[in-house]
Q: 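First, the structure itself, so that you have it in front of you.
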There are 2 protein chains.
Amino acid sequence: MVQTRSQKLSASLEDYLEAIFNLAGESNVARSKDIAKLLGVAKPSVTGALKLLAKKGLVNYRPYGYVTLTDSGVAEAARVARKHNIIKSFFVNILGVDAKVAQEAACKAEHALGPAIISRLLDFTDFITRTGRNGYDVADEFKQFRKGKRQGGSKHKSKQPGK
Amino acid sequence: MVQTRSQKLSASLEDYLEAIFNLAGESNVARSKDIAKLLGVAKPSVTGALKLLAKKGLVNYRPYGYVTLTDSGVAEAARVARKHNIIKSFFVNILGVDAKVAQEAACKAEHALGPAIISRLLDFTDFITRTGRNGYDVADEFKQFRKGKRQGGSKHKSKQPGK
DNA sequence: TTGACAAGTTAAGCAATCCTAACTATATTA
DNA sequence: TAATATAGTTAGGATTGCTTAACTTGTCAA
């Protein structure tokens, strides 16, 4: 009896689902070994998680077989991955955070931020990106602001060294 | 033997520490009952957490006594609270999120975001706030952008109804 | 075809965090 | 000052998520 949307997933199970989603790619199948490696856990942890996800109707699991996502598993994973990308994009494109740092932070933050925040974060990044193409690039101005700040300057608007 | 900075605190222990910090306020003391209420846990959970925090040298704990933070407890709690406020401020002042939603999201996100992100988030909120006072208010423009979007408009810059 | 190696599973257990029920200490008030 | 209500603790247990060690399965090359 494959129940199709039992409850909210735990952060951990969301991570497994997202990992399968990302590993599967075109081939549509993921291997236990790779999931373990990607998430930095031991193999038996993956087996356990797969059984839970299967019970929730999110993955097709057969012992010793390949792992694939069900339709609702894909939907759920895509939802998580979308959150991840929105957060990461904000970190990288607006805040100017290093891609690797942004990636890791997004992995954690994606479990903490609800729809209200995510929706606004997406719109905001979008908004800043658009206006950037129309002349006033907030992200770039912010970068200059940071740079000035690092050099002990306090004025930001002026380009000559402080004072 | 009060070890003064044993390790990274778990998200849960950070929550307890922050709760004590917020409850203590001027009086400097917090009561177990209030911690439990604030965090939505049962009283024995608080007792357990206090023992752990005491072992780490972060709170002064005596059975049936009042709870106070040690110096390093205050420092650590302030660090967590600062994160919280930076995140919340960004949500409220830049993204325009409802204060209550922002409060709850910040509670979760504060455990997920490291120093690199936090530092930039603080600077960014600061930057936007400053430039807002100098004429171009990004936060306000974004609010208009959202409003326009909600009404199905696609242009944002123009104030007349779409098309 | 078989045997060896890699992949996956099972079993057992540990740590963190929470809970309820029952008990003890403190403080208030009559 | 003694009874009682409130606060706090202890004991015991559930859940989640992870681990290692040992076992099973499957595949590929000799």
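Protein chains get the first letters and strands the later ones, always in sequence-line order, with residue 1 at the start of each. The figures here come from the full heavy-atom set of this structure, side chains too, leaving out hydrogens, waters and symmetry mates.
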Q: For B/S12, answer base if it contacts any base atom (sugar-phosphate contacts may also be present), sugar-phosphate if it contacts only those atoms, and nothing otherwise; contact means non-hydrogen atoms under 4.0 Å.
A: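 Result for B/S12 = sugar-phosphate.
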Q: So A/F127 and B/F142, would you call those rings parallel, tilted or perpendicular, with 30° and 60° as cut-offs?
A: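 Aromatic pair A/F127/B/F142 classed tilted.
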Q: Return a table of donor-acceptor pairs under 3.5 angstrom between the side chains of residues 110-119 of chain B and protein atoms on other chains or two or more places apart.
A:
{"unit_1": "B/E110", "atom_1": "OE1", "unit_2": "B/H84", "atom_2": "ND1", "d": "2.7"}
{"unit_1": "B/H111", "atom_1": "ND1", "unit_2": "B/E14", "atom_2": "OE1", "d": "2.8"}
{"unit_1": "B/H111", "atom_1": "NE2", "unit_2": "B/D15", "atom_2": "OD1", "d": "2.7"}
{"unit_1": "B/H111", "atom_1": "NE2", "unit_2": "B/C107", "atom_2": "O", "d": "3.3"}
{"unit_1": "B/S119", "atom_1": "OG", "unit_2": "A/R146", "atom_2": "NH1", "d": "3.1"}

Q: Between C/dT17 atom C1' and B/L50 atom CG, what is the distance in whole Å?
A: 14 Å
Q: Hey, which of these two, B/V46 or A/A42, hits DNA chain D nearer its 5' end, going by closest nucleotide?
A: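 Nearest nucleotide further toward 5': that of B/V46.
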Q: For the residue pair B/S89 and B/N85, confirm or rule out a side-chain donor-acceptor distance under 3.5 Å.
A: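 No, because no side-chain N or O of B/S89 sits under 3.5 Å from a partner of the opposite role on B/N85.
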Q: In the structure I gave you, are the side-chain heavy atoms of B/R82 and B/L122 within less than 4.5 Å of one another anywhere?
A: yes
Q: Can you establish whether the number of heavy atoms outside B/Y66 located under 6.0 Å from its atom OH is more than 12?
A: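 Not buried by this count: 12 neighbours or fewer within 6.0 Å.
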Q: Once you round it to whole Å, what is the distance between C1' of C/dC18 and CG of B/L52?
A: 13 Å
Q: For B/K51 and D/dT9, give me the distance from atom NZ to atom C1', rounded to whole Å.
A: 7 Å
Q: Describe the nucleic acid contact of A/K37 in one word from base, sugar-phosphate, nothing, applying a heavy-atom distance below 4.0 Å.
A: nothing
Q: To the nearest angstrom, how far is A/K56 atom NZ from D/dT16 atom C1'?
A: 12 Å
Q: Tell me whether the OP1 or OP2 atom of D/dG17 has a side-chain N or O from A/S10 closer than 4.0 Å.
A: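 A/S10 to D/dG17 OP1/OP2: side-chain N or O found under 4.0 Å.
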Q: Is any side-chain nitrogen or oxygen of A/Y16 closer than 4.0 Å to OP1 or OP2 of D/dT16?
A: no
Q: Determine the interplanar angle of the A/F90 and B/F124 rings, folded into 0 to 90°, and report it as parallel if under 30°, tilted if 30 to 60°, perpendicular if over 60°.
A: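 A/F90 and B/F124: perpendicular rings.
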Q: Write out a two-atom table: protein N or O, nucleotide N or O from nucleotides 6-8 of chain C, distance below 3.5 Å.
A:
{"unit_1": "C/dA7", "atom_1": "OP1", "unit_2": "A/K33", "atom_2": "NZ", "d": "2.9"}
{"unit_1": "C/dG8", "atom_1": "OP1", "unit_2": "A/S32", "atom_2": "N", "d": "3.3"}
{"unit_1": "C/dG8", "atom_1": "OP2", "unit_2": "A/K33", "atom_2": "N", "d": "2.6"}
{"unit_1": "C/dG8", "atom_1": "N7", "unit_2": "A/K43", "atom_2": "NZ", "d": "3.0"}

Q: Rounded to the Å, how far apart are A/K55 NZ and D/dT16 P?
A: 10 Å
Q: Let me see the working for A/T68 and A/N60 under side chain to side chain donor-acceptor pair (under 3.5 Å), right down to the final yes or no.
A: CA-CA 5 Å; A/T68 60; A/N60 300 118; 3.0 Å; yes
Q: Measure the distance from CD1 on B/I35 to C1' on D/dG8 and round it to the nearest whole Å.
A: 11 Å
